[in-house]
Structures are given as C-alpha cells and as structure tokens.
Colleague: 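Take this structure, written in structure tokens, and hold onto it; I'll ask about it next.
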Amino acid sequence: MRVFKADSIPVRLLWLALLFLIASARLGAAFEELSLPQLRDELKKGLVAGDLIRLRPVLNELSARTDGEPEREGYVFLLGLSYQDEFSVNQEAATLRKAMDYYRQYVDWFPQGTRRAYVRFNLAGAHADLGEFEEAMQHYDWLYRRSKNAVLRQESRDRMCRLYMKHDRAADGVPLFLEVFNAAVLDEELRAQAASWLLQGYLAAGNVDAISPYLRYLTGDTEAVYDPNFNITLLKAGDQLFDEEAYDQAILLYSFVKPKSQIVAFYGALTEKLRKKLSYLSPESDQHTILSGRLQTAESNLSALESVREYEVDMHWRVARVYLETERNWEALWAFYFLYQDYPEHPQREEFAYICFCEARATGNTELTAKLAKAYLGEEGFLKYRNQVTLGLADAYLDSGDEMAFIQLAKGYFNEPEDHLTAAQLINKWALLISAKARYQSLRDEMQPLVTQLAGREPAFEAARYWYALAQLLLAECSAASASFEEFVGDYTDGNSLFAEDANYRYGIALFGEARNADAEAQFLSFIERYPGSRLRGEAELYLGDLKFARGADDQAIEHYGQVDVYTDLQEFISKAVFAISEVHLAAGRGDAAFDVIQDYLERYGDEAYAAQGKYRLGMVRASQGQAVERFRIHSEAIRDLGNDPSRHAVDRLVLGYVSDFTRLDESYAVSIRLLERLIAEPLFCHDFLVDRGFQYRFLQSEEGQRVDASLRHALVRDRAVRATLIESESVTAEAVEYRLREMLEDYEARAEALAIYDAGNFFADLYAESVLESSDKIMELRARMALDELGQIPEGLPAVQDEELQDASPALLLWQADAHLENLPDRAKELYAAVVQRYPFAESAPAALEALAEIALDEARSSDEGTEAWEQALGYYELLAQWTTAGSLSAMPLLRKAEVLVHLGRGAEAIETLGSVLKNPSWRGLDHAKAHLELGKLYMQQEQWREAHGFFERLIVAYGGYLETVAWAYYYDLKTLEALNEAESVELLLAEYRTRIAALRETEAHQRIVDAYDL
Amino acid sequence: MIYKRLLLSLLCLGSLCCIAPAMDLDLDLPVLPIAEPPADTFVLDSPLQVRVHIDGKPQLLLGMDQGRLRLVFPDQPDAEVMLPLDAPGIQLSYEPPEPYNQLALEQSLGNHRLVIDSMEPYASSLLPLLIVDAAQCNFHAIYLRYYQSIVAIADLGRAVKITDGLPHSAWSAGYLEQAQKLLGRCITEGNVEGAERLLAMMHTVMDEGDFAPVGFAAADALRARGEYPLTARIYGSLAGSSDRLLRERALLWAGYSSAVAGDLEAAEKVLDAVPEMKRDNPNFLTYSLARGRLHMAHGDYDQALYYLSRAMVLTSVNATFKPELYYLLIRGHRERGEDGAALRLYNELKIFYPESPWMQKSESDRITTG
C-alpha cells in the first residue's frame, strides 16, 4: 500500500472516485495514433492497475485532444494527481510543483469544475507539504468558508488549525480555534483538541489569563492531551511563568504535562491499536484512509518524542518548587520526597532530601520530620545540611515530647561532635527543656560533665559552662553560682559569647543571693553601664532598688525602681518596682505617698496591672495608717471585682488576709470594749490596772489581755498624756476619769460598729450566696466557701467540692481542698497537693504544697521497711522545696530535711554539702545553724572522722547554747566522740561543764541518754 | 467478556462462600442483592407468529415450558408442540410488521417515541423469548432496537423493569452498553433504587473483571451525590472478588465510604483488613485517600493531610477521584487554618472541575465557614 503524507490523504479518496466516473472510457495502446475512445479505454485499463504515473502520457494526450471541452477537466485533475503520487515516492519539490501547476490550471480553466473543491484541497495540501503556509491557508480557508462538502469543510478547518500549530503561529489561530471549540460541543475528543490549541494560542499570544476556562476540557483522557507539542508548550509556558514567579499560573499548566514515559506508552498503545484495526479494513475504504492518517500522526509523534530530552525530573522539580513557593507544605514535602526517592543519581538529591525534611518541619508533623531527618543522616554522602538536620531532628523529638530520644541524640553527638556550634545549640535546647520543667538539679548534673567533656570546643564549651552556672543559681547554690559566673564573665566578652550579657546579669543575682550586697550592687551597676539597652535592664534596676533600699539609700532606691518601667514591659517587674516604691514610702512614714504610687499604677495600666496585689497593698497601707475599716472596704471591693478570675492568684491572699485580720481585729475591738467597760464599771480594777504595773503586766499577758487593741494598749500603758487623764488625782476627778474612759469606749464602739459593716462572716456568706445563684461565678463561689471554711461558718450539709469545680481553681483553692482532705482522704490530698505543684510550680502556694507532700513522703518513708523508694520520693520533694529555699528564705528546714533523707539513703557526702550550704547563709543563724552543726557532727561520727565531728559539736555547744534540745544532743554526741578519740580527760571536762547546765537541760530528751551513759 | 451465568445465579451464593474465606468474614460488608433470572416457563399474552426453520413454515409461539418452546400451527390450534431449544437445526425468526430499516433510520434521527410506539405491540412478547440463544433467533437484534429507544427516553421505572425482565443469557455487549447508559441516567436523575437494580443485575450477569470498572465508576458518581449506602453495597460486592487487587481496592473504597458516613469503627475495621501499601502497589493512591479520609473523620487533620497530599501529588488531573481529593485537601487545610493553601487548591478545583459536585460542596463549605 502506498503511504501518503498527511496532507495528501484525500487525494486517494478522490482518485478512487474518479475511477468510478470514467469507468466508461475506452483506451488504445499507441497514444498519438490512438483515437479518443481508444485513449479513454487505455486510461480505464491503467486506472484499474492503479498507476497514475505510468498513465501520464495518455492523460497528456487526452488533455491536449479535449482542449476547450468540458471533458478535459478530469484529465487535468488526474495529471496533477499523478505528479502528487510521484512526489509521495520521490519527495522532490519539483515534482510537487508540477502537480500544483496542473491544479492551478484547473482552478483557472474550470472555476466551476466538479472537482474544484478537491483540487483546492490538494493544492492546499501541496503548499502545506512545501511549507508555504500563507498559500496553504488561503486554499483551506476558501474550502472552509465556501465548500458545500461538509467533510472537506471540517477537514480543511482542522488542517488550518494544525498548520497554525506546525508553523508556530498558534496565536494567529485563536479565532479559528474558538470556532472549532464552539462547534465541538458534543465531540469530547475534538473539544479537548480545540481546547489544547486554544491554550497554545493564548500562551503564544502571552494571554495567560485567557486559558483558565479551557483547562477543564483537558482533564479527560483524550488523545489531545498526549500530543508531544502540546506538552512541550505547556512545559515551556509553565517554566516561563515560574521564572516570572507567577507560581499559581505555572502550576495550572504543569498539572497537565504528561511525563514522557506516559506519552510514549500512549502512542505505543495507540499505534498498535490502529495497526490492528487497519488490518481488518479494506485498503480502499474511507475508514482505512482516515485511520491511516491517524496512524501516521501517531507514529510521527512517537518518533518526535525520541528527540525530546527527558524532562520528567525537571518538571517534577519545578512542580515541587511551585508547591514550596506557594506554601503548600504538604504537597511540597511529598513532591521533594518522591524526587529524592525516584532519582538516586540526581546531583541535587541531597537538596531534595533536605527540602522535604524542612517541609515536614513546616507541617509540624514531628513523626515524619524525625523519619526524614534520620533518612538524611543515614545517607553517607549527605554532608551539606547535617547540622541543620541534626538540630531539626532534635526539635522534632522535643516537640513530640520524646525526651529520651533527644537525650540519646544529644549525648551521641557530644561524644563525637562534628560541629561545635551544633553541639552548643543542642546543649541550649537540652538546657531549656530541663529548665522549663524546673529540674534544675538535673540541669546542673547533666551540664557538669559536659564542662569537662567539651573543654576547649567553643562554642559548645561556653554553652555548657553558662548552663552549669545558671543551674547552680537556680538551685540557690549562690556561692557556687557566683564563682562559676565570675569565671565565665572573666573568660567571655560580648564578642565571643552569646551569653555574656546574661551571665553578667546573673552574676549580680548570684552575688545578691550570696548576700554580698556591695558586690552585687557593683555588678548590677557594671551591667547597666555595659548593657544600657539590655532587655534585662529593668530587672537589674529592680535589684539595684532592693539593694539601695536595704542599705537605707531610699531616694536612690526609688530612682532605680522608677527606671524599671522604662526598660521593661513585663508587668511582673513593673508591679514589683511600684510596690517596692510604696514600701519605701511606707517605711519612711509617707503613707499617702505609698498609697498614691499604687493607685497611679492601677489607673495607668488598667486591666494589665496586677490589680489584686495592688489593691491588697492599698488596703494594707490604709491599715498601717490606722484606717482598718478603709482597708476592709478596699479589700471587699477588690474581692468582689476580681474574685471570679482564677488567674488572679493574689485574690486568695486578699480573701485569707481578710478572714484572719477581720477576725483578729473584731475580737480585739470586743476585748478592748470589754476592758474599757470594766475600767468604767470597776474603779478598783481601773486603779490597779493603771497604777499597778505588775497587775497591768499580768492582765496584758493573759489570753484576753494579749488581744487588746494595740493603740488602746499603747494609750493605757505608754501614753503619758492619756494616762494623766485617766488616773484620779487632785486635778483629775473620778467623774473626769469616767468621762474620758467613756469617750474612749464610745470611740471603740464606733470603730466596732464601722467594722461590722465589713463583717467577714456576712460578707463571704453574701458573696457565696450570690455566686451560687450566678452559675458562671464558680471561682468566686469556691473562694467565698474557702473563706467561710476558715471562719468555721460553712453551711451545714454542703456537698464536698467536686473535681470538675477545681478544674480552673487557683493554687490557694487547691491547697485549701488538699488540707481539708489530709486527714480522711490522704490520697486525694496528695493528688491535690501534686496538682498545685504541677499546675502552678511558681505560685505562692507551691512551697506549702511541696512541704506537705514532702512531709507525707517522709512519714511514709519512716514507717516503711521496704527499700529506699519512699526515701527517694521524699528526697525528690525536698529537692524541689530546696529550690524554693533561697538565701532570703526564713527557714532552712527543707535543706535540713533533705540532708536527713540523704543520710538515710547513705549519701553522706551530699548531706554534708547540703548542710554546709545552710551554714554558709548568715540569715539562718540560730536554730537552723545549730541543727546543721549537730547533723554535720553526727555525719562525721558515722564516717569516723572524729576530729571533724568534735569540731562541730564543740562549736554548737559554744555558739548555740540557747537551743536546749539541740545543744543537749551535742553534749551527748561530743562525749561519745571524745571517747572514740580516747580523750578521757576531755570527757570528764565536758561532763563537768554539762553538770553546770543540768538545771536548764534536765527536760531535754538527750539528758536522759547522758544520765544513762555517764555518772553525773 | 460477558460471563453468561445462565441459571447459575443460585450458585452465586456458593461462589460467594468460596470467596469469603479469602476475606475477613467479620467485616460483614453490605452487598448488592442477587438478581433472580426471569422464569423459563411462561405464556405470552398474545401468541407470536414465527418461522421455525426446521421446516420454514410459520407457527404460533405460545410461550415456553421449562425452557422448551410451546408452538402450534395456525391451522391446527389444538396440536401444541413442545420443542426443546437444543433440537438439531432449530432457528427461529420473527418478521416485524413494519420495515425494520425504516425504524433504524428513525432511531438514528432521534425519533425514539415512534420506535417505541411501533414496536410496542410485539416487544413485550419478544422480551422473555430472549432466553433463546442469539445464534438461534433474530429476536435479540430486533429487541435491542426497541431497548435502545426505551433507554434513551422511557420513564426510568419502566426502563429498569424491562431490563429486569432480560433473561440473563441475553446480556450481550449491545444490551450491556445500553444498560450502562440506563444506569448513568438513573444516577444522574437520582433514581437510586433503579440504579441499584441495574447494578445488581450487572453484578449477577457479568464476570467480576468486567463489572469492576462499571461498579467503581457508578460508585464514584453515587459518592459524589452522597449516596453512601448504595456505594457501600457496590464496594461490598466488589470486595468479594477473588482478585486480590480488585478486592483490596473495593475494601479501601468501602472503608472510605464508612469514614464519610461517620461509621469510624467499621471504617477502621475494613481498612485494617488491607495491608499497608507501598508506592508500587496499584491501589496505593486509593489507600492514601482512604487512610486520609479516615483520619479526617477522626478530626486528625495533620494525619489526614499526610495521606491526602501524598495522593494529590501522585494523582493526575484525569483521575476520577481528583476533584474529591481537592475537596478533602481544601477542607483539611481550612480546618488547620492554612487558608493560603486552601484558597490555592480551591481556585484550581474551580478552574479544573467547575461542574463537579465536589466543587459545589467546597463552595458551600466556603460560604458556610466564611
């Protein structure tokens, strides 16, 4: 079968048609000599054989002989056709041009010829074959617009479309493409084809915005979307849009680009299918001709693909980058992941892996992040982003709460740190993690070995040292912390340390904690000078204020406090500074100034202010000015205003202070009134009370006497002017005394009456009733109930507080409930104490809760025979409590208890260290130091370090003789120590000394032990 | 190819039982009902004059008795003959009263009403007779012309009823093609009951490989319309396949549908019956889609996006579930407050699939959630 070029296909159809038309013609053999009928016969025979080229002489002869006759029209047509057939074999342009000459003759000579449409069609095809676009289009357009043959019209139209595409003039073809598109409503395949042309046309015209309406027609599985040219156009246009950063438009085009492999597979399958179909069809059938054309196009597309370079990876990469640029993180993640997986030899593979890891982080999916990080780190050749990935993996572990995995990663890295900056960052992350959980001891213990391990490996070394020092400070190991920070600030400056500024500041705190006030002041001043714009400046000014105030430099203190809000926005520090200024004023007797400064603060900061604390202080200032009723007015208003807000923990202080102070004052007024009434009613009592100091002292030391209002006590006991009016004399009559006493009585009755308006029982009962009615006032209800409980006025039959009611409860409320359950439901109490510590680790109630937990654990440990677990638990609580026990704490009890537990656990060295820290704090001189001496002595005894033990006992006996119970034990153990040292003389001397103190020590527990052991 | 289950439907239960051990019996998936074949014993409302080619003489066909033809000669009405279909050389032909070619022309011009009206008098008699093999009669070709017009314009209830009356042996490619068109009409016009009848018949008469594309396509369309119970029955039936890939695909879609319907327990159970899939598995995309949908139903949008975005990146624009995937991803991003990504996907959905029901759903979600 002859192969026709695409544009010549209809020629074959027409040739067959002609065969039918001239079937009656007759032809002879010797052309010039043959008659016309013979020639016709000859032509007929030749046509049956199907070889037009060989028939050309016959046709020429026939054409010449029929000049001027209608018959000639067919011969001219066949002559053109014969050259076109020849061209299909030899592919010589000259041959085709001859065909075109005949076709043009036909058009000129036979404008109304029956075959004029076919002639134009062939002429157009020939022009197309020769690349003569304009001429081809002219003929096709003529056919499309004028031909009455629907098939030819449609075919001409489609060929024009293809010519536009073939000649890179897609933009010019848009109007025609639109015509095709509009005519293809019911033909899905043609509509897709037209849509693809339109797309290419608009893209070529640079009218990207016009393509959107046509994209939807390309979502089907049509042949048009597999056209290689179409795909390449999409890819190129997509790339151009990408380069112009028009990502949203680029992705629209990329979405349709088929991978080369898919196009090859499509055309492979299509050619096979077409070949199979063709094998069932007659070569002469129209269907065969059409399918042949399609096969030829498919084969041509298939072979064209061979010269198309692989673009799949580039396309996927571009798509992935579009996702990346448009923040479609999840899709970017997968797109890069598949690039990483699918192209193991790609030079950018490491980037693919890294980006997909970054995108996983952006999605917040920690599990996937960790998986991808491990995959990256598992690739031997991947080096560029190892540090970032390591840190990202660390973050993923931290974000997912997998602390163990993080520690494993960090420790592994510290063993062989590839990069010291990464090691430093891992240290920082680790330290922040531990600090956030307030596990400062753990922080100290983890950082300590790193200080040695990473020595010299900066900046990892620096990080370890900083966090180690900070841990010591947070553990209130102020001496150790100040030493560590002193070294740190000596070794690092701003230029070489991230922590220099912070360390300089913390160093000041450590000195402050160590009670080295002068050094602390100097350090803070140095800090401010060096870092005037530091974010820590506000807090430093606060410390400086405290230090100045402590040494009586009130004006300077106020100056520093006044700087706090200039350098910080944190309410915690601003409020502290304001309250401190108020305290300075108050200490200087400037009550109104103390009041005003807080009032101004509350007005200035409104809702942001620490209002509950502020109002508490306002009330207390008034109380200190003798305006007790005003204090309760301020406090009652504050409780009403703020009492339902669980986040304002200071309201609990307002409530509990109200209850205790009102009760005390109310009783005090009642006692005072009774005393005044008695002084009036019993002249003898009045005389004895005012004149007999011994009588007076005994009365005032009685239970009732102690509750007499302080100002009345002062007036009756100390105030000479008042007393002069109360003691009967020559100038002062009995009536005058009574009058004066009645005046005082009336004053107290008036005070009591004024106070009664703010009766705690009534106030909290009303508050409770109101909040019960208002279901949203749950916290207010609980606070009122707590107050009534403290007052012993809880209404009968009230059900227990339920767990859900405590959901948002403040720490003081939880503590109140825990205390309530301690006796009958100890486990519930423990839960609530634990809740206080867990939910509010820095609240005022936290130490009390911790202490309760520690005491419970210690009791359990003491009563338990099973191993050390209970002791360990107790130790845990005391360690937490010890962190609260700073140098300024009133008692060293938690540290003493901790030491006791450590002794039980056989950790003597740590116990000695703990007790040593007690002795280092001068503010704990007295009983705490005495106990620490005793315990240290006992510890050294256990270790048979007799001299050291004796030293502690001796110092205790000498310096703390007033603490009888403790000192008696010191005698006992010192006697035992001296015996162990075989110092019999010293034993005797000590016994002699003891004998001199027996009267004082007789009631102590240790005395009986000494009596049993020694002859006194 | 069509697998002719001539009177084998009773054995279907048996064959399902054979398949069942390959599945997790506890899954208890709903399935399409089994379509019973029309009776092989019947009497025609009015006798049909046919030529039986043993002797070529016209005879009156009265009906059938247990698969045998009941015939009488017009001139001997009392001499009824029972002719088994496997009698040697038996060939039946019916000559319609009107020119058949004329009807074909009318039909090609879309004059279905004329075709139906013209053929109505004898069409109902021909229908049960399609039990006769197409090679032994000309009934099938004649009736197909009628059936084509019925499918094109008749009331859906009537068309489905007629389809129901097709003997199972008569489901040739031509009839199947028309039945699929009818199924499309039922779904589009919301006649779910009719769609289910047709699907049940197709599932009964077609072999599983042929039914699968029809079933999955119908389920796609029904899912988009929110017809989850029927969708679940289609998947349940397909899940009975002995072909592992087909079965897993059906299970994945069944799990997906349960998740959409809010039956999370069932969804998890079904999806757990499918092993974890890798990318080289042909069902990987469906797996990702189903897993993502389940997580979405649980409110775990992070994991939902994990699976759905993976499917998104790997799915071409011509995948049947691509619009649905867009819809789900948009929803997932919206739930996570990722409005930028949601908007971009929404714009693509609007451009690529403006008429998809998933676009409409997404649009209504957008309006609802603002």
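Numbers restart at 1 for each chain; the letters A, B, ... are given by sequence-line order, proteins then strands. Because only heavy atoms are used, hydrogens play no part in the values below, and waters and symmetry mates are left out as well, while side chains stay in.
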Colleague: State whether B:E338 and B:R336 are salt-bridged, where the test is any N-O pair (Lys NZ or Arg NE/NH1/NH2 against Asp/Glu carboxylate O) under 4.0 Å.
Modeller: yes

Colleague: Indicate whether the side chain of B:T231 and that of B:R223 have a donor and an acceptor atom separated by less than 3.5 Å.
Modeller: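 Side chains of B:T231 and B:R223: no pair found under 3.5 Å.
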
Colleague: Using 4.0 Å as the upper bound for N to carboxylate O, is an ion pair formed by A:R294 and A:E223?
Modeller: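 Salt bridge flag = yes for A:R294 with A:E223.
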
Colleague: Can you see whether A:F242 has A:R321 sitting over its ring - NZ or CZ less than 6.0 Å from the centre and within 45° of the normal?
Modeller: no

Colleague: Go through the steps to decide whether A:D342 and B:R279 satisfy the test salt bridge (Lys or Arg N to Asp or Glu O under 4.0 Å), and finish with yes or no.
Modeller: CA-CA 11 Å; A:D342 295 349; B:R279 205 167 137 216; 2.6 Å; yes

Colleague: Find the distance between CG (B:L328) and CG (B:L289) and round it off to the nearest 0.5 Å.
Modeller: 6.5 Å

Colleague: Quick one: does any side-chain atom of A:R349 pair with a main-chain N or O of A:Y340 as donor and acceptor, under 3.5 Å?
Modeller: yes

Colleague: Less than 4.5 Å to any heavy atom of chain B: does that hold for the side chain of A:L333, its backbone, both, or neither?
Modeller: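 Interface part for A:L333: neither.
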
Colleague: Under 3.5 Å, is there a donor-acceptor pair linking the side chains of A:N301 and A:Y226?
Modeller: no

Colleague: Which heavy atom of B:I187 sits nearest to which heavy atom of B:A221, and what is that distance?
Modeller: CG2-CB, 3.8 Å

Colleague: Between A:Q193 and A:D187, is any side-chain donor less than 3.5 angstrom from a side-chain acceptor?
Modeller: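 There is no such pair between these side chains.
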
Colleague: Considering only heavy atoms, which portion of A:E331 lies under 4.5 Å from any heavy atom of chain B: side chain, backbone, both, or neither?
Modeller: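 Looking at A:E331, backbone and side chain both touch chain B.
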
Colleague: Passes salt bridge (Lys or Arg N to Asp or Glu O under 4.0 Å), B:E348 versus A:R328? Steps please.
Modeller: CA-CA 13 Å; B:E348 282 178 24; A:R328 288 161 71 166; 2.6 Å; yes

Colleague: May I ask you to decide if B:H140's main-chain N or O and B:Y175's side chain share a donor-acceptor pair within less than 3.5 Å?
Modeller: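 Yes; judged by distance alone, with no hydrogens or angles, the pair exists.
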
Colleague: Please check if the distance between the ring centroids of B:F211 and B:F216 is under 6.0 Å.
Modeller: no

Colleague: So which bits of residues 311-318 of chain A come within less than 4.5 Å of chain B, counting non-hydrogen atoms only?
Modeller: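 No residue falls under the 4.5 Å cut-off.
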
Colleague: Under a 4.0 Å N-O cut-off, is there an ion pair linking B:D365 with B:R331?
Modeller: no

Colleague: I'd like to know if A:D239 and A:K236 make a salt bridge, using a cut-off of under 4.0 Å between side-chain N and carboxylate O.
Modeller: no

Colleague: Applying the side chain to side chain contact (heavy atoms under 4.5 Å, CB included) criterion to B:F321, which one of B:Y256, B:W253, B:Y326 satisfies it?
Modeller: B:W253

Colleague: Among residues 293-304 of chain B, which ones touch chain A with a heavy-atom distance under 4.5 Å?
Modeller: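 The residues closer than 4.5 Å to chain A, in numerical order, are B:D302, B:Q303.
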
Colleague: Looking at A:L215, A:T326, A:D221, which one has more heavy-atom pairs under 4.5 Å with chain B than the rest?
Modeller: A:T326

Colleague: Counting only non-hydrogen atoms closer than 4.5 Å, does B:L314 touch chain A with its backbone (N, CA, C, O), its side chain (CB onward), both, or neither?
Modeller: side chain

Colleague: Taking side chain as everything from C-beta outward and backbone as N, CA, C, O, which of these in A:D248 sits under 4.5 Å from a heavy atom of chain B? Side chain, backbone, both or neither.
Modeller: side chain

Colleague: For A:Y323 and A:W334, run ring-ring contact (aromatic ring centres under 6.0 Å, His included): C-alpha distance rounded to whole Å, both residues' side-chain angles, the deciding distance at 0.1 Å, then the answer.
Modeller: CA-CA 10 Å; A:Y323 290 141; A:W334 288 115; over 10 Å; no

Colleague: When only heavy atoms count and the cut-off is under 4.5 Å, which of residues 261-273 of chain A reach chain B?
Modeller: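 Result: none.
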
Colleague: Output yes when B:R249 and B:D243 qualify as a salt bridge under the 4.0 Å nitrogen-oxygen rule, no when they do not.
Modeller: no

Colleague: With no hydrogens and no angle check, do the side chains of B:D220 and B:T320 hold a donor and an acceptor under 3.5 Å apart?
Modeller: yes

Colleague: Looking only at heavy atoms and a cut-off of under 4.5 Å, which of A:L252, A:I251, A:V225, A:L218 has the most pairs with chain B?
Modeller: A:L252

Colleague: Quick check for you: among B:S316, B:G340, B:S309, which has the greatest number of heavy-atom pairs under 4.5 Å with chain A?
Modeller: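 Between B:S316, B:G340, B:S309, the count favours B:S309.
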
Colleague: Taking B:M206's backbone N and O only, do any of them form a donor-acceptor pair with B:D210's side chain (distance below 3.5 Å, no angle check)?
Modeller: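 Such a contact is absent between B:D210 side chain and B:M206 backbone.
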
Colleague: Under 4.5 Å, heavy atom to heavy atom: which of residues 354-361 of chain B reach chain A? Give them by number, or say none.
Modeller: B:P354, B:E355

